[in-house]
There are 2 protein chains.
Amino acid sequence: MKKLPDGCVDLIFADPPYNLQLGGDLTRPDNSRVDGVDDEWDKFDSFRAYDEFTRNWLTEARRILKPDGAIWVIGSYHNIFRVGTAIQDTGFWILNDVIWRKSNPMPNFRGTRLTNAHETLIWAAKSQKSKYTFNYRALKTSNDDLQMRSDWEFPICTGSERIKGEDGNKTHPTQKPESLLFRILIGSTKPGDVVLDPFFGSGTTGAAAKYLGRHFIGLERDKTYIKAAKARIAKVKPLDDESLITQPSPKAAARVPFGTVIEHKLLKPGAKLYSPRKNHAAQVRADGSLYVKEGDNEIQGSIHKVGAAVQNAAACNGWTYWHYEEKTGLKPIDFLRDKIRKGMAS
Amino acid sequence: MKKLPDGCVDLIFADPPYNLQLGGDLTRPDNSRVDGVDDEWDKFDSFRAYDEFTRNWLTEARRILKPDGAIWVIGSYHNIFRVGTAIQDTGFWILNDVIWRKSNPMPNFRGTRLTNAHETLIWAAKSQKSKYTFNYRALKTSNDDLQMRSDWEFPICTGSERIKGEDGNKTHPTQKPESLLFRILIGSTKPGDVVLDPFFGSGTTGAAAKYLGRHFIGLERDKTYIKAAKARIAKVKPLDDESLITQPSPKAAARVPFGTVIEHKLLKPGAKLYSPRKNHAAQVRADGSLYVKEGDNEIQGSIHKVGAAVQNAAACNGWTYWHYEEKTGLKPIDFLRDKIRKGMAS
DNA sequence: TGCTAGCGTGAATCCACCC
DNA sequence: TGGGTGGATTCACGCTAGC
């Protein structure tokens with residue numbers, strides 16, 4: 001990185017080590033072992049050591065950037081706050097933080113915390129005065145003519161996109177999806193721009209850059225990664241100039257869990273719900289569970305579980321089974337979900 | 001804040017200011033006045049002052065927390081990286097970062113950046129050792145029986161919930177939605193817990209806490225805000241106790257050793273237990289141990305140890321692994337434990 | 001060839017209590 | 001306080017084997 005001249009690249013994308021601090025082994029409920037990140041390159045002695053590492057590469061990165069250049073950095077809660085602080089301290093000007101919402105994250109197997117379902121990206125210009133590249137129209141068009149938001153949904157990198165060695169194991173533990181890099185490059189570079197990735201890894205940045213007609217420089221220490229990245233990028237066929245348009249992904253209806261209905265106060269805790277024929281009644285609790293007492297039998301759980309239990313059925317769609325009382329009669333709680341979907345609830 | 005004693009609150013929710021006007025003119029370390037023309041110095045001093053402010057209140061917050069207490073802090077990219085770094089440096093242990101996805105964010109009118117459609121929350125325990133409160137079941141139930149993720153969608157605070165002055169203008173610039181606080185309190189406090197909000201503002205924390213049967217302490221300098229918050233909270237009607245019961249964790253249930261099942265004669269010594277696919281069989285002994293003989297291999301021990309051994313697994317939950325035979329087919333012995341817990345066994 | 005059930009796996013700071 | 005043990009704990013999706 002030190003060998004590169006001042007002001008020679010338009011954009012930097014960086015996926016630095018996250019400084020994860022994992023304990024012992026983690027197993028899934030089926031006793032299989034989770035293959036975590038235990039590589040040497042992710043080990044730092046302290047926050048201070050990580051901060052020094054971060055400031056060093058960010059300072060070099062800023063030197064190499066053109067005056068109107070910009071940087072993207074990705075991370076998780078383990079490191080992103082330290083990276084963000086260093087970005088501000090080294091003179092970059094933050095433009096947005098962007099959330100990559102994973103459509104298929106790994107669950108929290110022990111039920112000890114929330115499912116870690118996102119990663120954070122920081123987009124920053126070299127300085128407050130930089131006239132950074134932002135292809136507003138392109139992103140808006142690809143988003144069904146709505147302004148592109150700061151939260152992006154993509155699946156994690158799996159299947160045939162994921163690079164595997166001869167042994168069938170993943171070559172790189174943290175390969176990023178190309179779709180993520182596509183959007184970044186489409187939104188913040190022009191064709192012909194030079195993109196630098198100082199933590200090249202499996203070469204996702206290079207593959208996306210070549211595909212989209214951008215030049216790239218990739219820096220990487222590990223020879224296995226370099227070899228895999230070279231082979232991968234060699235296979236990429238650049239798009240012709242006219243095809244550099246992204247396709248919007250059709251979105252399914254937003255999922256609205258029952259707890260949301262209570263959080264919106266469309267139903268209050270303590271409210272009564274009824275089965276269609278009113279032969280079963282349940283009480284709503286603050287946490288979004290239902291409670292039924294019939295004789296000596298007490299049941300509690302989700303609207304679906306409790307609905308199934310009172311009917312002695314294997315499964316039940318609580319949204320259509322449970323009803324609330326209105327002047328005009330019973331209405332299914334699905335009606336309330338619909339209100340939220342349509343934005344009719346404040 | 002300095003007046004509160006050590007270790008007196010269970011949870012802290014903080015929405016710190018991120019404007020850099022912290023009162024008084026900024027001065028350099030050498031006491032010379034900051035010249036507004038010198039951007040770099042200005043920026044540096046601003047960040048330094050903000051960091052000092054942040055570290056001060058976080059240190060006090062940590063002192064006031066009980067050993068097993070936790071903190072939530074909300075912010076945007078202007079300040080959250082500095083806050084997150086300070087949280088780590090003052091000894092808190094980050095549990096999750098959570099994204100509040102705004103369903104109706106303010107658009108970016110000039111089209112110069114992405115629509116800023118989210119804010120970031122950090123959830124951290126007082127220390128790595130803290131046994132923080134996490135109502136896993138409650139959140140999972142309210143999320144239609146799926147683990148709660150780290151990205152939450154709520155609308156911004158508008159309409160009748162938004163507090164307005166006599167002039168019709170909003171009283172507080174960044175009033176948070178009660179639904180957000182609702183989920184935080186349901187997920188990470190118990191009824192009767194004490195919640196502190198050191199930047200009380202319009203009192204959303206107090207309103208949600210009172211509604212959910214939690215005590216609260218609110219700190220605020222601005223008299224207008226105090227008055228508005230008091231009036232607001234006075235109107236809140238607390239929920240009744242029954243609605244506040246949340247889905248209990250199985251861990252909280254009384255422990256029933258396997259021997260008890262035999263003592264209750266729900267299983268007799270000598271009875272046979274089977275694995276789910278009936279490929280392993282074990283014999284129940286009077287002392288509550290199991291015995292398995294497969295070829296020359298003899299295994300004995302607890303239901304868990306023997307279950308793990310026959311599967312060659314590191315661990316096993318014997319209650320769900322071993323089944324007994326009934327007319328209708330195999331049933332897990334967990335069913336018998338449930339009978340005892342419910343007092344249905346003689 | 002087509003469909004399905006079952007298996008594998010992903011940047012993870014992943015247990016609690018008793019003695 | 002450290003070791004032993006009871007026993008709680010998973011979502012989405014791609015691939016494969018089998019019918």
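Naming convention: chains lettered A, B, ... in sequence-line order (proteins, then strands); numbering from 1 in each chain.
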Heteroatom pairs (N/O) under 3.5 angstrom, protein to nucleotides 12-19 of chain D:
residue: D:dC15; atom: OP1; partner: A:S160; partner atom: N; Å: 3.4

If the P atom of C:dC18 is compared with that of D:dG7, how far apart are they to the nearest Å?
-> 12 Å
ring-ring contact (aromatic ring centres under 6.0 Å, His included) partners for A:F109, two or more places apart | none
Could you list the residues that satisfy ring-ring contact (aromatic ring centres under 6.0 Å, His included) with A:F200, not counting sequence neighbours?
-> A:F216
If you look at every strand shown and take non-hydrogen atoms under 4.0 Å, does B:R337 touch a base, only sugar-phosphate, or nothing?
-> sugar-phosphate
Base, sugar-phosphate, or nothing for B:S249, non-hydrogen atoms under 4.0 angstrom?
-> nothing
What about the rings of B:W93 and B:Y132, do their centers lie closer together than 6.0 Å?
-> no
Going by side chain to side chain donor-acceptor pair (under 3.5 Å), name the residues that satisfy it together with [X], two or more places apart in sequence or in a different chain.
{"X": "B:E298", "answer": "B:Y291"}
{"X": "B:W72", "answer": "B:S188"}
{"X": "B:K190", "answer": "B:T133"}
{"X": "A:T120", "answer": "none"}

Would you say A:T85's side chain and B:T85's backbone share a donor-acceptor pair under 3.5 angstrom?
-> no
Where each pair must be Watson-Crick or G-U wobble with both distances under 3.5 Å, what dot-bracket representation of DNA chain D is obtained, with crossing pairs in [ ] and other-strand partners as |?
-> .|||||....|||||||||
Salt bridge (Lys or Arg N to Asp or Glu O under 4.0 Å) filter on B:D334, not counting sequence neighbours, yields B:R337
Residue list, salt bridge (Lys or Arg N to Asp or Glu O under 4.0 Å) with A:R285, at least two apart or on another chain | none
Which letter, B, S or -, goes with each nucleotide of nucleotides 11-19 of chain C from 5' to 3', with contact meaning a protein heavy atom under 4.0 Å?
-> BBBBB----
Quick one: pull up OH in B:Y274 and CG in B:L330 and give me the separation to the nearest 0.5 Å.
-> 8.0 Å
Which residues, if any, of residues 315-325 of chain B bring a heavy atom under 4.0 Å of DNA chain D?
-> B:A315, B:C316, B:N317, B:W319
The residue among A:D51, A:N19, A:T54 that forms side chain to side chain donor-acceptor pair (under 3.5 Å) with A:R82 is A:D51
Decide, for D:dT10, between syn and anti: a glycosidic angle within 90° of 0 counts as syn, anything else as anti.
-> anti
Do B:Y136 and B:Q147 have side-chain N/O donor and acceptor atoms under 3.5 Å apart?
-> yes
